[in-house]
Engineer: 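Once you've had a glance at the structure underneath, I'll fire off some questions.
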Amino acid sequence: MSFEVPDDLRYMESHEWTSTDDGSVRIGITDFAQDELGDVVFVELPGEGDEVTHGEEFGVVESIKAVSDLYSPVSGTVTAVNEDLFDQPELVNEDPFGDGWMLEVDPSDRDVLDELLSADEYRDQIE
């Protein structure tokens, strides 16, 4: 099976992705992760202004199969939360790299992004 792995993103081994734009970091879960979870029925995320820490849990995704913790690829302050997910958690399944994004964070240290997996490294992990 083939999964979408955009080349312009960076990835965590725990299947979160990051994109950078205008200094903020957008975070979501990968196509592989949403497929493994099955139908997402609930998403728990921090609020705007909350702090997240690199490598630590920031939320939970619940599906019909499992409950999975979400891990932050960066440390910093949450500047935006995709509130659409509270009423439409299925967006994580339908468009994990678009409408299914989860958080935007103002990172306290951008250098940690260089330590994340490239698209090729992530593809190697999931194949």
Engineer: Taking everything shown except Glu51 itself, do over 12 heavy atoms lie less than 6.0 Å from its CD?
Structural biologist: yes
Engineer: Say whether, by atom type as modelled, one donor and one acceptor occur between the side chain of Arg26 and the main chain of Ser19 under 3.5 angstrom.
Structural biologist: no
Engineer: Please test Val92 against Leu85 for side chain to side chain contact (heavy atoms under 4.5 Å, CB included), starting from the C-alpha separation and ending with a verdict.
Structural biologist: CA-CA 8 Å; Val92 173; Leu85 298 181; 3.9 Å; yes
Engineer: Report the C-alpha separation of Trp101 and Ile27 in whole Å, then their side-chain angles, then the decisive distance to 0.1 Å, and conclude whether the side chain to side chain contact (heavy atoms under 4.5 Å, CB included) test is met.
Structural biologist: CA-CA 6 Å; Trp101 67 275; Ile27 302 167; over 6 Å; no
Engineer: If you define the side chain from C-beta out and look only at heavy atoms, does anything of Glu4 sit under 4.5 Å from Phe97?
Structural biologist: yes
Engineer: List the steps, then state whether side chain to side chain contact (heavy atoms under 4.5 Å, CB included) holds for Thr30 with Val5.
Structural biologist: CA-CA 8 Å; Thr30 65; Val5 181; over 6 Å; no
Engineer: Working to the nearest 0.5 Å, report the span between OG of Ser72 and CG of Leu103.
Structural biologist: 7.5 Å
Engineer: Report yes if the side chains of Pro46 and Val78 come closer than 4.5 Å at any heavy-atom pair, otherwise no.
Structural biologist: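 With C-beta onward as the side chain, the pair touches.
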Engineer: Are any of the side-chain heavy atoms of Arg110 and Val25 separated by less than 4.5 Å?
Structural biologist: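 Yes, at least one pair of side-chain atoms sits under 4.5 Å.
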Engineer: For the residue pair His15 and Phe32, categorise the inter-ring angle as parallel (less than 30°), tilted (30 to 60°) or perpendicular (more than 60°).
Structural biologist: tilted
Engineer: What are the two closest heavy atoms between Leu116 and Pro73, and how far apart are they?
Structural biologist: CD1-CB, 3.9 Å
Engineer: If you define the side chain from C-beta out and look only at heavy atoms, does anything of Leu45 sit under 4.5 Å from Leu70?
Structural biologist: yes
